[in-house]
Amino acid sequence: MVADQLTSRLGDQQAGSYVDGKGDLVVNVTGTAAARQVKDAGLKARVVKFGIRPLNASKGTLDRLAGTKGTTGLAWGVDVISNAVVVSVPKNDNDAATNAFVKRARALGATVQIKRVPAAPRLVLGPGEAIYTGGSRCSVSAIGVKGGQEYVVTAGHCTNIGSTWTAAGGGTVGTRAASSFPGNDYGTIRKTGSVALSNANLTQVGRPAAGSQITKKGSTTGTTTGTIRGYGRTVNYQEGSVSDLIETTACVQPGDSGGSLQTGSTAVGITSGGTTGSCRSGFQSYFQPLDEALQSQGLTLKR
């Protein structure tokens with residue numbers, strides 16, 4: 001990708017890239033010389049205050065506090081559009097521990113922005129249909145293969161709760177092969193039954209730029225759309241912290257866990273969690289990158 005090659009050359013003079021409202025790829029830079037390089041490459045340049053190094057440094061400081069008192073229900077990450085590390089704090093969360101953490105985050109300076117959001121993210125899990133274990137329901141993200149063996153890829157907080165999985169109607173899907181949560185949020189189910197598995201129109205795996213339009217598919221809310229806000233989000237669920245998640249504006253609800261984040265024929269992520277309640281404006285949802293999940297298990301996308 002041209003933007004990736006360019007930002008690699010620019011080093012500390014860049015602060016990420018994103019797709020703007022007009023569909024143009026924009027590269028954040030910290031000076032006019034770097035901006036000229038971007039323009040010479042045929043891309044749009046935006047001069048910002050902070051380069052990627054101080055932003056990553058502030059995020060690293062916050063990440064070392066993940067899972068500590070006062071962080072439950074909070075999420076943060078480098079937001080390339082805001083040119084800051086944005087810390088999302090539920091609007092009704094004003095207890096002493098949270099306020100102390102917010103004060104500590106603000107002390108990092110202008111690289112950090114505090115954003116009050118409608119509610120805390122929570123793992124998306126609930127009763128219903130799609131793939132089942134016991135009395136719980138989750139959704140399928142994608143189908144992976146290794147050595148001719150097929151695997152269902154879903155959320156790790158789903159595979160943590162059951163080893164044997166079935167489809168609607170009771171047909172056997174398979175048994176848990178891997179589960180990684182917290183820290184990550186992916187799991188795989190080894191196909192042992194006769195239920196047919198297909199990736200439909202998904203033919204490749206990728207990571208579209210921040211600002212890209214995406215689609216989420218899950219067994220509760222069906223198909224919802226939105227945009228990618230950014231990558232590398234750290235989310236502090238009650239059940240544990242997960243790092244390097246994708247943040248989007250697409251609505252997810254309980255039962256969508258493990259579902260598919262995609263754009264066109266590109267598979268992007270696995271539904272992890274998000275704001276509960278109605279699919280209102282300002283919705284935040286979080287996804288485990290699919291490429292990491294597949295690579296960790298030596299899988300490739302089924303064609």
*Are there more than 12 heavy atoms of other residues, nucleotides or ligands under 6.0 Å from atom CD of Q238?*
no
*Is the side chain of K217 donor-acceptor paired with the backbone N or O of T221 at a distance under 3.5 Å, no angle test?*
no
_Partner set under ring-ring contact (aromatic ring centres under 6.0 Å, His included) for F101, not counting sequence neighbours_ = W76
*Using side-chain contact (heavy atoms from CB on, under 4.5 Å) as the criterion, list what pairs up with T98, not counting sequence neighbours.*
L74, V89, D93, D95, V102
*Can you tell if the side chain of N28 reaches within under 4.5 Å of the side chain of V80, non-hydrogen atoms only?*
yes
*asked:* Tell me whether L25 shares a hydrophobic cluster with L6, the cluster being built from Ile, Leu, Val, Met, Phe, Trp, Tyr side chains joined at under 4.5 Å.
replied: yes
*So with a 6.0 Å cut-off around CZ of R116, is the heavy-atom count from everything else above 12?*
yes
_Pairwise side-chain contact, L10 with Q37, heavy-atom cut-off 4.5 Å (strictly under)_ = yes
_Sub-4.5 Å side-chain heavy-atom contact between W165 and T175_ = no
_Using the salt bridge (Lys or Arg N to Asp or Glu O under 4.0 Å) criterion, which residues pair with E292? Sequence neighbours excluded._
none
*Heavy atoms, side chains only, cut-off 4.5 Å: are E247 and Y231 in contact?*
no
*4.5 Å side-chain heavy-atom contact, V140 and I131*: yes
*Is any side-chain heavy atom of R104 less than 4.5 Å from a side-chain heavy atom of L65?*
yes
*Could you pull out all residues at least two apart from K44 that satisfy salt bridge (Lys or Arg N to Asp or Glu O under 4.0 Å)?*
D20, D24
*May I ask you to say whether D40 pairs ionically with R36, meaning some side-chain N is under 4.0 Å from a carboxylate O?*
no
*Would you mind reporting whether K49 and N83 have side-chain heavy atoms less than 4.5 Å apart?*
yes
*Sort out for me which residue in T71, V112, L108, D79 forms a side-chain contact (heavy atoms from CB on, under 4.5 Å) with V87.*
V112
_Among residues at least two apart in sequence or on other chains, which ones pass side chain to side chain donor-acceptor pair (under 3.5 Å) with R176?_
none
*Report yes or no: does K146 contribute a side-chain atom to a donor-acceptor pair with the main-chain N or O of T300 at less than 3.5 Å?*
no
*Can you name the residues that form a salt bridge (Lys or Arg N to Asp or Glu O under 4.0 Å) with D244, not counting sequence neighbours?*
none
*Minimum heavy-atom distance S141-I270, with the two atoms named*: OG-CG1, 3.4 Å
*asked:* Please evaluate residues R233 and I246 with respect to the criterion side-chain contact (heavy atoms from CB on, under 4.5 Å), reporting the C-alpha separation (whole Å), side-chain torsions for both, the decisive distance (0.1 Å), and the verdict.
replied: CA-CA 6 Å; R233 296 323 196 228; I246 306 165; over 6 Å; no
*Going through the distances and angles, do T234 and V242 end up as a side-chain contact (heavy atoms from CB on, under 4.5 Å)?*
CA-CA 6 Å; T234 299; V242 182; over 6 Å; no
*What heavy-atom pair brings T133 and S163 nearest, and what distance separates the two atoms?*
OG1-N, 4.0 Å
